[in-house]
Amino acid sequence: MAAAALLRWTAPGRGASAWGLRLCAAPRRRLTHGAGSPGGDNGNDSAWTCFPLGERGVLRVRGPDSVPFLSGLLTNELPLPGPGTGTTPPSARAGYAHFLNVQGRTLYDVILYRVPEAGVDAAAGFFLECDISVAHTLQKHLVFHRIRRKVEVELCPELGVWAMLPSTSEVHRAPLQEKAEGATILTADPRTACMGWRLLTPKESSALYLVPGSRHGDLRDYHRHRYRQGIPEGVRDLPPGVALPLESNLAFMNGVSFTKGCYVGQELTARTYHMGVIRKRLFPVQLCGPLPAAGIAPGTPVLTESGKAAGKFRAGEGDVGLALLQTEKIKGPLYIKSSESGHVALSASVPAWWPKATK
């Protein structure tokens with residue numbers, strides 16, 4: 001797949017040295033380094049900015065039937081263990097996927113983490129990172145489909161999620177080595193390299209103590225970054241039962257397999273992919289001009305210069321966001337009607353990390 005080929009270097013061991021960092025052997029021990037103490041105001045000396053994602057929750061799925069159970073519900077292959085040999089890199093620690101309904105529309109977007117193996121005979125287990133507002137709903141969804149499977153589904157409120165982005169365009173660190181020690185998992189973000197790294201760790205631990213050369217970031221900056229890159233995340237960006245996975249660029253984000261076995265919602269997704277006709281996509285957008293005090297409401301129509309419908313605004317942070325737009329209309333002038341400020345100009349862009357064929 002073109003997207004997989006374009007982004008193949010994002011996985012550890014595939015030339016990702018520019019994103020390197022080293023996790024300390026004792027996760028709860030404070031590190032010292034020349035740039036200052038973790039969490040201090042290191043300014044431009046900080047190599048990494050760490051964002052605690054309190055709006056993301058974690059579930060754990062484990063048991064001897066975990067793999068076939070999740071495979072029948074998720075759009076993607078599971079991140080399974082498998083050591084690399086020769087030119088073959090080791091399998092990824094994390095993966096990205098959606099749960100779909102029977103109509104092929106997205107219910108929940110998740111990042112899956114393979115739980116560290118406790119032994120050769122240990123049953124497979126996975127952490128599922130999701131929007132915390134639907135964590136209980138996702139748990140019920142999984143239990144409903146469990147039937148006779150030997151699987152346990154439990155919430156993990158003791159775990160926290162961190163996103164780590166480089167503070168500068170180039171980070172000079174040792175090559176990354178993924179870490180999985182107990183409940184702490186450090187791995188590259190499986191969606192695209194521009195989203196940096198992901199860290200799961202007990203809430204009493206801090207990424208600032210685990211990642212050398214890091215500083216605490218403002219969560220709004222994280223959201224502005226991912227909106228500029230066109231990355232949807234959570235129910236605001238992917239309304240359950242509304243968003244279509246391929247219109248949400250799931251294939252670009254390494255989140256769907258077209259060679260795996262059947263899963264709920266596969267028929268429409270596979271048919272759309274093989275027909276090759278995706279008339280609308282989520283695009284990153286920039287808003288220009290005075291914005292309403294309450295912001296732009298989700299679902300607000302986006303119009304062309306002549307007043308014809310071009311799509312709908314989905315979600316945003318300040319003057320950046322995402323909009324579901326007709327691909328043939330993104331190059332012309334676009335705007336949104338606002339009761340407070342008249343018209344708000346809107347410009348869409350194609351992210352640099354998308355496959356070249358789509359540009």
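Because the structure is predicted, anything quoted here is derived from the model rather than measured.
Annotation: side chain of Pro68 is in contact with side chain of Arg149 (closest heavy-atom distance under 4.5 Å). In this structure, Thr184 and Leu199 have side chains that are in contact, with non-hydrogen atoms separated by less than 4.5 Å. Inter-residue side-chain proximity for Val256 and Tyr263 is flagged as met; some heavy-atom pair is nearer than 4.5 Å. Looking at heavy atoms from C-beta onward, Phe126 lies in side-chain contact with Val67 at the 4.5 angstrom threshold. Contact annotation: the side chain of Tyr209 never approaches that of Thr201 to less than 4.5 Å [non-hydrogen atoms, C-beta and beyond]. The closest side-chain heavy-atom distance from Arg60 to Val115 is below 4.5 Å. Residues Tyr335 and Val344 form no side-chain contact, since every pair of their non-hydrogen atoms from C-beta on lies 4.5 Å or further apart. The side-chain heavy atoms of Met164 and Leu186, taken from C-beta on, include a pair separated by under 4.5 Å.
At least one donor-acceptor pair under 3.5 Å links the side chain of Arg146 to the backbone N or O of Val151. Checking side-chain atoms of Arg228 against main-chain N and O of Gln286 turns up no donor-acceptor pair under 3.5 Å. Not a single donor-acceptor pair under 3.5 Å links the side chain of Arg279 to the backbone N or O of Gln326. Counting only distance, with no hydrogens or angles, the side chain of His225 and the backbone of Cys194 share a donor-acceptor pair below 3.5 Å. For the pair Trp353 (side chain) and Ala193 (backbone), a donor-acceptor distance under 3.5 Å is absent. Without hydrogens or angle criteria, Arg114 side chain to Pro79 main chain gives a donor-acceptor distance under 3.5 Å. Although no hydrogens or angles enter the test, the distance criterion places no donor-acceptor pair under 3.5 Å between the side chain of Ser248 and the main chain of Leu250. The closest donor-acceptor contact from the side chain of Asp65 to the backbone of Lys150 lies under 3.5 Å. With hydrogens and angles ignored, the 3.5 Å screen pairs no side-chain donor or acceptor of Arg314 with any backbone N or O of Leu322. Of the possible donor and acceptor atoms, one in the side chain of Asn76 sits under 3.5 Å from a partner among the backbone N and O of Asn254.
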Could you go through the side chain to side chain contact (heavy atoms under 4.5 Å, CB included) check for Thr269 and Thr75 one step at a time?
CA-CA 9 Å; Thr269 305; Thr75 59; 5.8 Å; no

Starting from the C-alpha separation in whole Å, work towards a yes-or-no answer on side chain to side chain contact (heavy atoms under 4.5 Å, CB included) for Leu142 and Leu73.
CA-CA 9 Å; Leu142 293 172; Leu73 297 173; 3.8 Å; yes

Run the side chain to side chain contact (heavy atoms under 4.5 Å, CB included) test on Val350 and Ile330 for me, step by step, so that the C-alpha distance in whole Å, both residues' side-chain angles and the decisive distance to 0.1 Å come before the verdict.
CA-CA 9 Å; Val350 177; Ile330 66 167; 4.0 Å; yes

Quick one: do Glu233 and Arg198 satisfy salt bridge (Lys or Arg N to Asp or Glu O under 4.0 Å)? Show the steps, please.
CA-CA 14 Å; Glu233 185 176 281; Arg198 222 65 171 184; 3.1 Å; yes

Working for side chain to side chain contact (heavy atoms under 4.5 Å, CB included), residues Thr192 and Phe252
CA-CA 8 Å; Thr192 172; Phe252 295 172; over 6 Å; no

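To the nearest 0.5 Å, atom CG of residue Leu159 and atom OG of residue Ser205 are 10.0 Å apart. Distance check: Leu59 CG to His136 NE2 gives 8.5 Å after rounding to the nearest 0.5 Å. Here the straight-line distance linking atom CG of Leu155 with atom CD of Glu158 works out to 9.5 Å at 0.5 Å rounding. Here the straight-line distance linking atom CZ of Phe51 with atom CZ of Arg226 works out to 12.0 Å at 0.5 Å rounding. Rounding to the nearest 0.5 Å gives a distance of 9.5 Å between CG of Asp218 and NE2 of His223. Rounded to the nearest 0.5 Å, atoms CZ (Phe69) and CD1 (Ile147) are 9.0 Å apart.
A continuous path of Ile, Leu, Val, Met, Phe, Trp and Tyr side chains, each step under 4.5 Å between heavy atoms, connects Val264 with Val110, placing both in one hydrophobic cluster. Leu282 is not connected to Leu244 by any chain of hydrophobic side-chain contacts under 4.5 Å among Ile, Leu, Val, Met, Phe, Trp and Tyr, and they are in different clusters. Leu74 and Leu268 sit in two unconnected hydrophobic clusters of ILVMFWY residues. Membership requires side-chain heavy atoms under 4.5 Å apart, directly or through other members. Criterion: ILVMFWY side-chain heavy atoms under 4.5 Å apart, direct or through other members. Under it, Leu200 and Ile132 are not part of a common hydrophobic cluster. Hydrophobic clustering, with ILVMFWY side chains joined whenever heavy atoms are under 4.5 angstrom apart, keeps Leu303 apart from Leu334.
Atom NZ of Lys260 has more than 12 neighbouring heavy atoms from other residues, nucleotides or ligands inside a 6.0 Å radius. In this structure, Glu154 places its CD atom where more than 12 heavy-atom neighbours from other residues, nucleotides or ligands lie under 6.0 Å away.
When all heavy atoms of Asn249 and Trp354 are compared, the closest pair comes out as ND2-CZ2, 3.3 Å. Scanning both residues, Phe313 and Ala297, for their nearest heavy atoms gives CD2-O, 3.9 Å. Contact detail for Tyr113 and Glu129: the closest heavy-atom pair is OH-OE1, 2.6 Å. Across all their heavy atoms, Gly104 and Pro245 have their closest contact at O-CD, 3.1 Å. For the residue pair Gly234 and Asp131, the shortest heavy atom distance occurs at CA-OD2, 3.4 Å. Closest approach of Leu287 and Gly318 over heavy atoms only: CD1-O, 4.0 Å.
No hydrogens or angles considered: a donor-acceptor pair under 3.5 Å links the side chains of His98 and Thr106. At a cut-off of 3.5 Å, with distance as the only test, no side-chain donor of His274 or Arg271 sits close to an acceptor on the other residue.
Between Arg62 and Glu152 a salt bridge is recorded (basic side-chain N to carboxylate O distance below 4.0 Å).
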